[in-house]
Asker: 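Quick one: the structure is below, questions incoming.
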Amino acid sequence: CKMDKDEKLGPGCDVTIQEINEINKKIRKDVLGLVNTDFFKYFKFDPYKQCTFWENNDGLCFSRSCAIDVVEDWDKLPEYWQPEVLGGVENDQNIVAEDNEANFLNQLCEGTNGINELQKDRDLNYFDINDFTSKDAVLVDLSKNPERFTGYGGQQAGQIWTSIYGENCFSTENEEERCLAKDAFYRIVSGLHASIGTHLSNDHLDTETGEWGPDLDLFMARVGNFPERVSNIYFNYAIVAKALWKINPYMKELNFCSSYNNDVKSKFVNIVSRLESKIFDEDLMFKDDVTSTLKDDFRNRFKNVTKIMDCVHCDRCKLWGKVQTTGYATSLKILFDLDEADEETKQKVVDGLTKYELIALLNTFDRLSKSIESINNFEKMYNDRFDSE
Ligand code: FAD
């Protein structure tokens, strides 16, 4: 991947790929430790929620053949290699206490104050609140359901991606503002897409040997040969890092199940204090003050993106899709809502964040951090291959 690692990622991003690599190396281990704590490893989602974007989602493409993508002759493979199985969510002990899952985290976090179950003001949410309130929602242990190759692909997955990219309509009349908004929206979606491509290449099933591991050729075909896609992963890292940096001074009231896991908050602060403000400048991204129309547009576009996830026919892809789209939605909410406000209002915005927004935010950061670690590993594999030729 021929990229200038010393070039700034802009607009809005005053750091280089090289600088982000350095930051990520320093904090990677701690980020991984944090997402494995009980507070951050459980996420709630409703795998059965109706897709509302197409008249008949079943009619779209529900057959096994739609999932045939990288691997040919799926039918000849053992059952446990079929996309439905690879893409399933581990559901024995890993979906926690189905009968009383609503109480599980509350019990775990007894004595927690400052962290909300739900955001009361529904209109101001960037995701669909029903994802977490539905009676069919399940609590999933993310650490037991890693994001990896699932075999999901073909026409159905392609259509989901096209629909997500198509959510880039912004109604602001200011031409320059509209272009910047479209550009930022595209970079976020493309960075998400590339990050998923990096994970599925890094944790890929070799159907000859039955082993899981990195596949350099697949990574190059999906991500590595496209410098723009790589750069968009770093751009997203900068956005989420800046959102974390911005909420840090207002975390006083949040306890993160501290009676149970007393070092979660210090782990969080330890990571965020090593991020820098200049990593992303949201004011530069939109040049002037962000108008309320633009904020509303971003909120509605992202709400739709999180809802499009209900149309994904692969439970594990849907799960991680929900986590990450909610994580980006939360980042944008923080960047926009904490911008102009006075200290008291900022504190209220942070106090109003829900548990699932915080969990999604941190796990999205971990996904990007892992992608960047994998990109650096793939680069080494690539160079070794040429050195040995
Ligand atoms: P796709 O990745 O489906 O892309 C379609 C087209 O988009 C490409 O032809 C290309 O022109 C363009 N494109 C590709 N990447 C980018 C980019 N970064 N920026 C801009 N344009 C791009 N598969 C798994 O194995 N594991 C998962 O966890 C997983 N999660 C998924 C989550 C979601 C929400 C979705 C929609 C899909 C997921 N998939 C997952 C499937 C995966 O993303 C691909 O769709 C699939 O592997 C088929 O890839 P493809 O090369 O045919 O093209």
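Order of listing sets the numbers, starting from 1, for every ligand and every atom in it. Reckoned from all heavy atoms, side chains included, excluding hydrogens, waters and symmetry mates.
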Asker: Find all atoms of ligand 1 within a distance of less than 4.0 Å from any non-hydrogen atom belonging to Gly153, and give their numbers and elements.
Answerer: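 So the atoms of ligand 1 that pass are 46 (C), 48 (C).
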
Asker: Looking at every non-hydrogen atom in both residues, tell me the closest pair between Ser190 and Asn232 and how far apart they are.
Answerer: OG-ND2, 3.0 Å

Asker: Distance alone, cut at 3.5 Å: any donor-acceptor contact between the side chains of Ser195 and Ser371?
Answerer: yes

Asker: Residues two or more places apart in sequence or in another chain: which of them pass side-chain hydrogen bond (donor to acceptor under 3.5 Å, both in side chains) with Asn202?
Answerer: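 Applying side-chain hydrogen bond (donor to acceptor under 3.5 Å, both in side chains) to Asn202 gives Ser374.
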
Asker: Does Trp161 come within less than 4.0 Å of ligand 1, judged by its heavy atoms?
Answerer: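 A heavy atom of Trp161 does come that close to ligand 1.
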
Asker: For ligand 1, which atoms sit closer than 4.0 Å to a heavy atom of Ala157?
Answerer: 45 (O)

Asker: So, regarding Glu228 and ligand 1 (criterion: nitrogen or oxygen to nitrogen or oxygen, under 3.5 Å), is there a contact or not?
Answerer: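 Among all N and O atoms of Glu228, none is under 3.5 Å from an N or O of ligand 1.
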
Asker: Strictly by modelled atom types, are Ser369 and Asn24 linked by a side-chain donor-acceptor pair under 3.5 Å?
Answerer: yes

Asker: Please check if any side-chain donor atom of Glu343 sits under 3.5 Å from a side-chain acceptor atom of Gln347, or the reverse.
Answerer: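 Distance-only check fails for Glu343 and Gln347.
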
Asker: Can you find a non-hydrogen atom of Arg148 under 4.0 Å from ligand 1?
Answerer: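 A heavy atom of Arg148 does come that close to ligand 1.
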
Asker: What are the atoms of ligand 1, with element, lying closer than 4.0 Å to any heavy atom of Ala194?
Answerer: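 Counting from 1, the qualifying ligand atoms are 18 (N).
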
Asker: Checking Asp351 against Tyr250: is there a side-chain donor and acceptor pair closer than 3.5 Å?
Answerer: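 No.
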
Asker: Using heavy-atom distances, let me know which of Met309, Arg229, His193, Glu147 sits nearest atom 10 (C) of ligand 1.
Answerer: Arg229

Asker: Using a strict cut-off of 4.0 Å, indicate which atoms of ligand 1 neighbour a heavy atom of Tyr186.
Answerer: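 With Tyr186 as reference, the close atoms of ligand 1 come out as 20 (C).
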
Asker: Report yes or no: is the cationic atom of Arg187 (NZ for Lys, CZ for Arg) under 6.0 Å from the centre of the six-membered ring of Phe235, at an angle within 45° of the ring normal?
Answerer: yes

Asker: As an exercise, identify every atom of ligand 1 less than 4.0 angstrom from a heavy atom of Ile160.
Answerer: 36 (C)

Asker: List the residues meeting side-chain hydrogen bond (donor to acceptor under 3.5 Å, both in side chains) with Tyr186, not counting sequence neighbours, and say none if there are none.
Answerer: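 Tyr186 satisfies side-chain hydrogen bond (donor to acceptor under 3.5 Å, both in side chains) with Glu228 once adjacent residues are dropped.
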
Asker: Considering the heavy atoms of Phe149, write down every atom of ligand 1 situated less than 4.0 Å from one of them.
Answerer: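 Those of ligand 1 that fall under 4.0 Å from Phe149 are 25 (O).
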
Asker: Here's a test for you: under salt bridge (charged side-chain N to carboxylate O under 4.0 Å, His left out), which of Arg301, Lys303, Lys307, Arg299 qualifies with Glu167?
Answerer: Arg301

Asker: Would Arg222 count as a contact residue for ligand 1, given that I'm defining contact as a non-hydrogen atom of the residue lying under 4.0 Å from a ligand atom?
Answerer: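 Contact present.
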
Asker: So which bit of Leu200 gets within less than 4.0 Å of ligand 1, heavy atoms only: side chain, backbone, both or neither?
Answerer: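 For Leu200, the contact with ligand 1 is made by the side chain alone.
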
Asker: Which one holds for Phe226 and ligand 1: side chain close, backbone close, both close, or neither close, with close meaning a heavy atom under 4.0 Å?
Answerer: neither

